[in-house]
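Working notes, structure below.
Naming: A, B, ... by sequence-line order, numbering from 1 per chain. Keep in mind that what you see is a predicted model, and the values were worked out from it rather than measured.
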Number of protein chains: 2
Amino acid sequence: MSVSGHAGGTGGRRAASIRDVASAAGVSHQTVSRVINGHPSVRASTRARVEAAIADLGFRRSATAHALARGRSESVTVLTPNTVHHGYAAALQGIEEAARAASYMVGISVLDSDREPVVREALARAAGTGGGVIVIAYDRPGVRALELAPAGMPLVAAVETPAEPPPAGSPWVWTDDREAAREVTRHLLGLGHRTVHYVAIPSTTRTGGGAQRAAGWRAALTAAGAPVPEPVAGGWGPAEGYTAGRELARDPAVTAVLCGNDALALGLLRAFAEAGRDVPGEVSVAGFDDAPHAAFLTPSLTTVRLDFAGLGRACFALLHGLLQQGEPVAPHPVAAPRLILRESTGPRRG
Amino acid sequence: MSVSGHAGGTGGRRAASIRDVASAAGVSHQTVSRVINGHPSVRASTRARVEAAIADLGFRRSATAHALARGRSESVTVLTPNTVHHGYAAALQGIEEAARAASYMVGISVLDSDREPVVREALARAAGTGGGVIVIAYDRPGVRALELAPAGMPLVAAVETPAEPPPAGSPWVWTDDREAAREVTRHLLGLGHRTVHYVAIPSTTRTGGGAQRAAGWRAALTAAGAPVPEPVAGGWGPAEGYTAGRELARDPAVTAVLCGNDALALGLLRAFAEAGRDVPGEVSVAGFDDAPHAAFLTPSLTTVRLDFAGLGRACFALLHGLLQQGEPVAPHPVAAPRLILRESTGPRRG
DNA sequence: CTGAAAGCGCTTACAG
DNA sequence: CTGAAAGCGCTTACAG
């Protein structure tokens, strides 16, 4: 064995190809292809020679050529409205983790508009990679992408809890945030609060209001015979939570608030602190997600832990299966949400 | 014009190729190639016919075939230790934004080990895409990737403020966090604090301690003739900040603490609150980054705003230039950090 | 200004 | 078990 072919090379000479390996091993490039693809019908001694040549030359199969010849690449493109908010970032982390373990490349493509040409362009670019696609479809751009995706495209989606059972064969996954919202709302009612106000994250549906999280909240109130206040329009971040908090702090009837996510809750807590409204003494506050900051706020935040990283891993697993077998897979929920009780919720006083 | 070739198609028939366009337009596929590449020497009428056929068939150039033929693809792979912590997530956001505007695909590859085979594998996979590479090199895995990258690889790095002027032609960018650390430390000293304690983020260097941020902090203390306390080992997240905070809260001599990032500061504030140490009454606390939560904590957090999204955009711009012209580019700092004064820092009392 | 030929590095039938 | 041929969809010289 020579010591020449240092993997990674000096950038000077071009990378070894399948033919270089073939001539080094004294076989045809076709046989090399069989070896690198683990094809069974290769004599052991031949295989050994080829493998030695591969190691010697530091050969790596060109993913590009492989993709062109096969018409399919080992990669996945994630279509997501953003990469920074907790749930999205964590889902992306889970996808990358699973993809890396399977030696898939992962591409990201931020989809921040639901205009048809924009969505079509994003889909076409994703399709152009020859890999699979994972759509994070919690908002209109994502839902639009699902609607506009061509039929044959290998595609998996993370969606909100479907209002009704999805069509069989829809490759969808979700966490049951409707049930989670119901649970946290019941917790609040159980503490003696007459009702629970809701600060909404932006929603998929035309009707607005945080869709399934709002639906679960509403269901719990209704089941308990509690009045259902108008949801307060929120957003994704602390600034919107702060705005909502200033509004709610003015109303002395408000004793319990559920926020559509922990970032909103952070801003809301700040607004309550400024207004001199004690949490949880006067008002209980709960969030959603169990984002990294939730446990360390003062007061620490009662919230619902959602396993977005697990959701991301499930998305990839589903897509991987779909890419291998081509068979449609059953939609299914993943990783049950869990209520985390902390300091920000307490019994109603007075 | 027929209405058949609906872009995106029905997944049924395969995508139109350059030859399909050619025969539809009555030219050779070579001429189609000229048109899609904006080659000047094509008769206007020919160009028009080809463009009509392209629109009609919904033709899109195969990125894969293009990459194979050219030996280079229009994509960038980001090598980063993680995708979720604020600075990394924001840098990634900036990269994606700039890349999308230039019609580049962006891939991500998390590099969480500095073991040589792991780093080589990540580099090889990135190189295999035929695109450029951006390394986020704030820690050992990233620095190792820079060391092991083959010479010819089109590569740009986001690095810590270099201790000495980097070799000319190093395609590096950074924010001047050393100067930023100096500035916030001076602010604290100016409030009357005898010294400033430092909770470190993990560092690149063997010596540990947050490298350039620590260096700036130390420089400011030394310049002021203040004692230099041993830095407290922190980490990336609130949990580590909490641990450090419990330790520092025990020492009554501690009146000012600088945290290597805002997530650490969050945990530290919690620890101080639990210990009954008033901020900023008894102790001043400052952070780094101006992460989204900083402005909404109680007390709100004095910090240094670092423009990571701008850093990400600068990385892509540099790489894009490098990919086009092949000329080496000068290393340079981007977006000056800015001190943001909030409630968590105040004059020393007693 | 335009076309015929060869090639990028693989894989997929088809022979033997 | 192994090789010669054709092809994936583009681009790059080379002719004309």
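- Closest of all the heavy-atom pairs between B:C315 and B:V156 is O-CG1, 3.7 Å.
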Give the C-alpha distance, both sets of side-chain angles, the deciding distance and a yes or no for side-chain contact (heavy atoms from CB on, under 4.5 Å) between A:V159 and A:V173.
CA-CA 6 Å; A:V159 298; A:V173 295; over 6 Å; no

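- Between D:dT2 and A:T46, a contact under 4.0 Å exists linking OP1 or OP2 to a side-chain N or O.
- Remark: A:D139 does not engage A:R144 in a salt bridge, criterion side-chain N to carboxylate O under 4.0 Å.
- Paired runs in DNA chain D that reach 3 or more consecutive Watson-Crick or G-U pairs, where each pair keeps both distances under 3.5 Å, cover C:1-3 with D:14-16, C:5-12 with D:5-12, C:14-16 with D:1-3.
- B:H66 and B:T64 share no donor-acceptor pair across their side chains, judged by distance under 3.5 Å alone.
- Contact check, B:T31 against C:dG3: a side-chain N or O comes under 4.0 Å of OP1 or OP2.
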Checking B:H29 against B:T31 for the side-chain hydrogen bond (donor to acceptor under 3.5 Å, both in side chains) test, could you report, in this order, the C-alpha distance in whole Å, the side-chain angles of both residues, the deciding distance, and whether it holds?
CA-CA 5 Å; B:H29 71 275; B:T31 294; over 6 Å; no

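- With hydrogens and angles disregarded, no donor-acceptor distance shorter than 3.5 Å links the side chain of A:R140 to the backbone of A:R115.
- Under the rule for a salt bridge (charged side-chain N to carboxylate O under 4.0 Å, His left out), the partners of B:R60 that lie at least two apart in sequence or sit in another chain are A:E121.
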Summarise protein proximity over nucleotides 9-16 of chain D in one line of letters, 5' to 3': B for base, S for sugar-phosphate only, - for none, counting protein heavy atoms closer than 4.0 Å.
BBBBB---

Test ring pair (Phe, Tyr, Trp, His ring centres under 6.0 Å) on B:Y88 and B:F308; report intermediate values, then the result.
CA-CA 8 Å; B:Y88 300 97; B:F308 288 106; 7.8 Å; no

